[in-house]
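Below you'll find the structure, written out as structure tokens, and then a few comments.
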Amino acid sequence: MGNDDLTGFFEKFLKKDTLFLDKKVLQSAYIPNEIKHRDIQINQVAHILAPALRGDKPSNLFIYGKTGTGKTLSIKHVSEKLLKVAKEKGTPLKIFYLNCKLKKIADTEYRLIAQLARLFGKAIPVTGLPTDEVYSTFFKVLDSEEQTVILVLDEIDQLIKKAGDEAIYNLTRINSELKQSQISIIGISNDLTFANNIDPRVKSSLSEEELVFPPYNALQIQDILKNRAETAFKKDVIEEGVLAKCAAYAAREHGDARRALELLRVSGEIAERTDKTKISIENIDEAEDKIERDRILEVVETQPKQFQATLYAILLADTSAKRTKGQSLIFTGEVYELYKTVCDKTNLRPLTQRRVSDILAEQDMLGIINAKVISKGRFGRTREMSLAVPQSLKPKIRKILEETLDLAIN
DNA sequence: CGAGATTCATGTGAAGTATACCTTTAGGCTTAA
DNA sequence: AAGCCTAAAGGTATACTTCACATGAATCTCGTA
């Protein structure tokens with residue numbers, strides 16, 4: 001493309017009017033003024049947290065609910081209002097929000113506490129410090145002034161699954177030591193069954209109050225969509241039935257409103273890019289496809305080298321496996337053999353099978369493969385897995401991996 | 001023929017190791033009085 | 001003498017390895033009908 005073409009393209013791009021009025025309304029970080037269909041929950045949260053305004057310690061709260069049921073949104077909404085009132089009254093109240101799922105941020109006890117201390121403006125190194133030391137630093141800042149602190153730990157189930165419940169237990173007990181300040185914990189979990197496998201002591205101290213966020217039904221999602229679409233899009237750019245279909249898609253997946261909004265936003269982007277003046281129903285299908293692709297590619301690209309090598313081995317196994325019933329089933333041993341040859345080609349130091357086994361388990365968690373442990377009777381026991389990736393995406397993944405792993409393409 | 005025993009390939013837990021990084025400390029050098 | 005810098009010492013978290021044991025159904029074994 002010549003330079004003139006490019007200039008032309010940019011000019012045209014600027015002239016072309018967009019379908020969006022305010023795209024950020026559809027992004028997941030956006031907090032609308034009015035949250036629909038969550039009045040009851042928001043009220044309950046408000047009631048539970050209100051004592052903070054009088055300088056009392058609010059009860060610890062545990063919130064359950066599937067993804068996209070408005071948990072985070074509701075909490076953030078209440079927090080905002082609460083902080084505003086507290087500020088007017090001059091009550092020393094702080095609310096911190098921390099997502100435990102983020103790798104390398106809060107997925108171990110050390111990292112969680114370190115991150116908390118950082119929120120209070122303390123610099124904590126990534127490693128090297130005793131965990132106790134970090135605790136006491138955190139403790140000191142916390143107690144350095146009279147204040148009430150509310151700590152929101154999102155996706156706390158992930159943390160406990162990876163790092164155990166020690167950290168949470170310590171956090172809940174820290175109150176008895178605090179002289180000036182007090183801390184309440186709000187735990188948010190997507191996994192409704194996860195309470196069963198944590199220490200009962202932790203559970204009881206964490207869930208002084210419990211709240212369940214039920215999924216939205218299709219009508220509610222549609223209502224939410226309509227509401228947001230009004231401010232997000234220009235008038236009349238949405239074709240009849242589009243919102244309904246978005247809602248239906250999302251409701252199919254346990255009423256995930258976040259997904260519905262994302263679908264709508266991406267549909268809009270697609271329509272815009274293809275120079276349409278309206279968002280049509282077909283765009284939704286394309287959007288769903290694109291979202292899934294982007295998610296997978298994102299995961300593939302950002303994984304550590306060893307994970308990528310493992311994934312590449314799976315990919316190789318997948319293409320060579322005899323294709324029975326459409327789904328090719330792959331076993332650990334097979335993957336590990338291929339993995340070793342991959343390492344050989346890429347000058348990567350091969351990890352042990354023990355470690356690879358863990359890596360496979362993590363890939364399963366990431367949803368990039370489907371795996372389950374089965375016993376093949378006389379023929380041992382293994383993890384039976386298959387790539388959870390659309391066929392059309394495999395070549396692309398392969399290419400990405402070959403590039404990042406610097407594999408000689410044969 | 002069927003109940004147990006056996007077997008295989010790998011899952012999985014625990015403990016140990018390597019690496020990268022942190023703080024503290026002691027020595028050496030510089031500086032200012 | 002005091003202050004400052006540097007390098008070594010001592011300590012930690014994390015990712016990974018090593019070791020050892022656990023799993024669980026297909027297959028085998030062998031007593032019994």
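Bear in mind the structure is a predicted one, so any value in this text is a computation, not a measurement. First the proteins, then the strands, lettered A, B, ... as listed; each starts at 1.
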Take A:Ile95 and A:Glu80 through the test side-chain contact (heavy atoms from CB on, under 4.5 Å) and record every step on the way to the result.
CA-CA 9 Å; A:Ile95 301 180; A:Glu80 261 178 26; over 6 Å; no
Assess the residue pair A:Glu337 and A:Glu334 against the criterion (side-chain contact (heavy atoms from CB on, under 4.5 Å)); give the C-alpha distance rounded to whole Å, side-chain angles, the decisive distance to 0.1 Å, and a yes or no.
CA-CA 5 Å; A:Glu337 285 309 310; A:Glu334 192 182 348; over 6 Å; no
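Minimum heavy-atom separation, A:Leu159 to A:Cys100: CB-CB, 3.8 Å.
Scored by the salt bridge (Lys or Arg N to Asp or Glu O under 4.0 Å) test, A:Glu166 finds no partners at all (sequence neighbours excluded). Residues meeting the side-chain hydrogen bond (donor to acceptor under 3.5 Å, both in side chains) test with A:Tyr135, sequence neighbours left out: A:Glu109, A:Asn170. Remark: A:Ser205 pairs with A:Thr172 by the side-chain contact (heavy atoms from CB on, under 4.5 Å) rule, at least two apart or across chains.
On the nucleic acid side, DNA chain C has its first and last nucleotide under 4.0 Å of a heavy atom of chain A at C:dG11 to C:dT27, going 5' to 3'.
No cation-pi contact links A:Arg259 to A:Tyr249, judged by a cut-off of 6.0 Å to the six-membered ring centre and 45° from its axis.
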Any N/O pairs under 3.5 Å between the protein and nucleotides 7-11 of chain B? List them or say none.
from, atom 1, to, atom 2, distance (Å)
B:dC8, O4', A:Arg378, O, 3.1
B:dC8, O2, A:Gly377, O, 3.4
B:dC8, O2, A:Gly380, N, 3.0
B:dA9, N3, A:Arg381, N, 3.0
B:dT10, OP1, A:Gly333, N, 3.0
B:dT10, O4', A:Arg381, O, 2.6
B:dG11, OP1, A:Thr332, OG1, 2.4
B:dG11, OP1, A:Arg383, N, 3.2
B:dG11, OP2, A:Ser357, OG, 3.3

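Note that OG of A:Ser79 is 9.0 Å distant from CG of A:Leu93, once rounded to the nearest 0.5 Å.
Among the protein residues, A:Pro350 comes within range of the sugar-phosphate backbone only, with heavy atoms under 4.0 Å from sugar or phosphate atoms but none that close to a base.
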Do nucleotides 16-23 of chain B as a string where each nucleotide becomes B, S or -: B if the base has a protein heavy atom under 4.0 Å, S if just the sugar-phosphate does, - if no protein is that close.
-----BSS
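For A:Phe20 and A:Phe233, the ring centers are positioned less than 6.0 Å apart.
Looking at A:Thr137, its side chain does come within 3.5 Å of a backbone N or O of A:Glu133 through a donor-acceptor pair.
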